[in-house]
Q: 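Quick one: this structure, given as structure tokens, is what I'll be asking you about.
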Amino acid sequence: MKNILLICGSGASSGFMAAAIRKAAKKRGVSVTVKAASESQLDDRINDIDYLLIGPHLSYMLNDIQEQTKDKAVKAAVIPQKVYGALNGEKALDLILSLED
């Protein structure tokens with residue numbers, strides 16, 4: 001089971017993206033939990049996740065987040081704008097799976 005957290009400014013748009021990823025994962029038979037939150041909630045949730053996906057509008061935070069997670073088993077990535085804007089759960093799931101390598 002992969003525990004995934006998506007963050008955005010308020011948690012609203014990432015909620016739609018999380019739902020799209022859950023749908024794609026179910027279709028493929030991939031076992032995941034996907035939750036959405038605002039970036040201000042990251043500290044409270046960082047110890048409960050394996051993967052962190054960041055909304056493209058928060059891409060400026062990636063280096064700080066990677067520094068914050070370097071001692072944890074959390075892999076972080078920015079969701080490309082094209083994937084995020086289209087709520088493409090399939091492509092977002094591909095991104096998550098690519099982080100396993």
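Excluded from the calculations below are hydrogen atoms, water molecules and symmetry mates; all remaining heavy atoms, backbone and side chain alike, are included.
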Q: Shortest non-hydrogen contact from H57 to G9?
A: NE2-N, 3.4 Å
Q: Should L97 and M1 be regarded as members of a common hydrophobic cluster, given that ILVMFWY residues are connected when their side-chain heavy atoms come within less than 4.5 Å of each other, either directly or indirectly?
A: no
Q: Taking NZ, NE, NH1 and NH2 as the nitrogens, is one of them in K75 or E100 under 4.0 Å from a carboxylate oxygen of the other?
A: no
Q: Would you say the side chain of L93 lies within less than 4.5 Å of the side chain of R28, judging by non-hydrogen atoms?
A: yes
Q: Under 4.5 Å between any side-chain heavy atoms of V30 and I96, yes or no?
A: no
Q: At their closest point, which heavy atom of D44 faces which heavy atom of D48, and how far apart are they?
A: O-OD2, 4.2 Å
Q: Do NZ/NE/NH1/NH2 and the carboxylate oxygens of K72 and D50 come within less than 4.0 Å?
A: no
Q: Do N3 and K35 have side chains that approach each other closer than 4.5 Å (heavy atoms only, starting at C-beta)?
A: no
Q: Give the C-alpha distance, both sets of side-chain angles, the deciding distance and a yes or no for side-chain contact (heavy atoms from CB on, under 4.5 Å) between V74 and Q68.
A: CA-CA 10 Å; V74 176; Q68 185 179 354; over 6 Å; no
Q: For A92 and M17, work out which heavy atoms get closest and say how close.
A: CB-CE, 3.7 Å
Q: With a 4.5 Å cut-off on side-chain heavy atoms, are E67 and L62 touching?
A: no
Q: Establish, from distance only, whether the side-chain atoms of S14 and Y84 form a donor-acceptor pair under 3.5 Å.
A: no
Q: Got a second to check how far C8's SG is from L53's CG, nearest 0.5 Å?
A: 12.0 Å
Q: Under the 3.5 angstrom rule, does the side chain of R45 hit a backbone N or O of L5 as a donor-acceptor pair?
A: no
Q: Work out which heavy atom in V78 is nearest to a heavy atom in L95; give both atom names and the distance.
A: O-CD2, 3.8 Å
Q: Atom CG in L6, atom OG in S38: separation rounded to 0.5 Å?
A: 12.5 Å
Q: If you apply the rule salt bridge (charged side-chain N to carboxylate O under 4.0 Å, His left out), what do you find for E90 with K23, and how did you get there?
A: CA-CA 9 Å; E90 295 285 341; K23 183 178 177 182; over 6 Å; no
Q: What is the distance from atom NZ of K2 to atom CD1 of I21, rounded to the nearest 0.5 Å?
A: 13.0 Å
Q: Might you point out which heavy atoms bring I65 and I7 nearest each other, and give the distance in Å?
A: CD1-CD1, 3.9 Å
Q: Give, for atom CD of E39 and atom CG of D64, the distance between the pair rounded to the nearest 0.5 Å.
A: 11.0 Å
